[in-house]
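Quick caveat: nothing in here was measured; it's all calculated off a predicted structure. Ligands are counted one by one from 1 in listed order, and the atoms in each one are counted from 1 as well.
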Amino acid sequence: MKLKSQLNNVIQDAFNKAGIEHAPMSVSEASKPEFGDYQFNGAMALSKKLGKNPREIAQSIIDHLDLSGVLTKAEIAGPGFINLWINPLWLATQAQEALADERLSISRRENPIKVVVDYSGPNMAKQMHVGHLRSTIIGDTLANLLTFLGDDVIRQNHIGDWGTQFGMLIAYLEMKGLEMKGEDGSGSLKDLEQFYKDAKGEFDANPAFANKAREYVVKIQSGDAHCLQLWQKFIDISLGHCEEVYEKLNVNLTRDDVRAESFYNDDLANVITDLQKSDKLQESNGAQCVFLEGDEVPVIVQKGDGGYLYATTDLAALRYRAKELGAKRISYVVDARQAGHFKQVFRVAKEAGFVPEYVKLEHIAFGTMMDKGGKPFKTRDGGTVKLIDLLDEAVVKARETINNKEDYTPEQIDELAKIIGIGAVKYADLAINRESNYIFNWDKMLSFEGNTSLYMQYAYARIQSIFRKFDGQISGDIIIGDELEHRLATMLLRFEDVLNRAAEDASPNQITTYLYDVVTLFMRFYEQNPMLKEGVDESTKMSRLQLADLTAKTIKQGLDSLGIRVVDRL
Ligand code: ARG
């Protein structure tokens, strides 16, 4: 349910009855309970235009306000704010409906659009490292969220599978005879980082090998069957490593979502000729460039030796996504350090007509993960931290926090450790304003208290345990009995507004902040409003149980969009 729109409609209705014309305005959540549930501050903005005192305007809105449905009370405060109280009966009915609906009354968009979400995009020459974590999980959250809200989402994994380094890698693969190993890529290629180092070592020490590597670069590019086969083998193995990470991360990326850089190879020459046709191209120092007005550095699309660049491929990909896939919104979840690149290619794509004007192009930028000392995250000896190692460590650490569970089988402990450990890493990341850098801190993320996944999972499991204890049939209605119940129900009904904003701004932390508010409020409600205690009358008990149930379902759905699982017992 779109709570805000419901309230806006009531206000609009009062405006109409009062005969006041105005641009669209919206209510906002009240900052304190004594200010009601929502506030409307529009009277101030209108005062100049109407030449009237804001309190006077506020009063005339209140005079025309319908207080028999959604709202029950409205009051002028301060210079002309209107404080609004939601009708508890209406609230109860809405909560009841949400509980009965498997989508929790969250509607699917009336006008869904095609959205391309470009995320993860690891480079095939190397192991995935912690820098890829953020793109992968923020992108996945956005894709999950938009899918849930009804958009037609196309996930695109723009993997880096092309470039001169692959000549060296496949020459080395051939030399070591590793292509003979099993499909799963077992053998010394388990560690791509090491493989790359070894290949580079050979390249630097052995001129014959270096020549072969260079020769292989040319051969892959000209479509030589033997080299392409080696290359394909290498990509398969490397992608297999990534898929292991996706699986551990509970991320929805499959091979079907891969549109690698190499996918666009055949179109790169067309990109150049089409830019030429639209009069965009200029030669500078032998290279083909696009100069954008106001920008000092041009976008280089073809080097003097004929080679294409990262930007050329992205231009081809932009055109493909707009024209072939029919996307109306294209979201790139990529490190903030690539902001300049995206700004430029977006402009070129629009100016050259590769992407129609109405298509929304956005760079969903994110900051860097730092260690406790505030430096970019590295291993003890200064190397990059492999993502898979970090995730394995998370599971080990999670197991330590739950080790005293005697009534669990070892398999259950394993499963629980995975859900908690991976959830903690993801949540800690998604809970940060994505554009900020953040400090990676195991203790904080694996705490039962504060804005952590464990706090949410714990609350969820707690509610499930109440139901195990209750072990009966729910009947009767939700009744809003006191202030805390009123606030909890209002909070729960805000869920759709929160999800929509988080999707619009591509900011998962709006969901985590909301979940934290929900659970904090629920914990207070739970302490003060007993459910199963002796002496609680039947209808109150039934109502509270249903509010608890709606809370649990909201937590579950919220975590689900973040790709984090819940457990029934903790
Ligand atoms: N492979 C790139 C990197 O690791 C990310 C790709 C992002 N997507 C894109 N269409 N450029 O930096």
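The cationic group of Arg321 does not satisfy the cation-pi geometry with Phe354, failing either the under 6.0 Å distance to the six-membered ring centre or the 45° limit from the ring axis.
Taking the side-chain contact (heavy atoms from CB on, under 4.5 Å) definition, one finds that Ala431 meets it with Tyr427, Asn451, Thr512, sequence neighbours left out.
Under a cut-off of 6.0 angstrom, the local environment of CD in Gln229 is sparse, with at most 12 non-hydrogen atoms contributed by other residues, nucleotides or ligands. No more than 12 heavy-atom neighbours from other residues, nucleotides or ligands sit within 6.0 angstrom of CZ on Arg337.
Ligand 1 is surrounded by Asp118, Gly121, Asn123, His132, His158, Tyr310, Asp314, Tyr332, Val334, Gln338, Phe342, each with at least one heavy atom closer than 4.0 Å.
For the residue pair Met124 and Cys242, the shortest heavy atom distance occurs at CE-SG, 3.9 Å.
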Begin from the C-alpha positions of Arg259 and His158 and carry the test side-chain contact (heavy atoms from CB on, under 4.5 Å) through to its verdict. CA-CA 5 Å; Arg259 281 294 174 287; His158 192 82; 5.7 Å; no
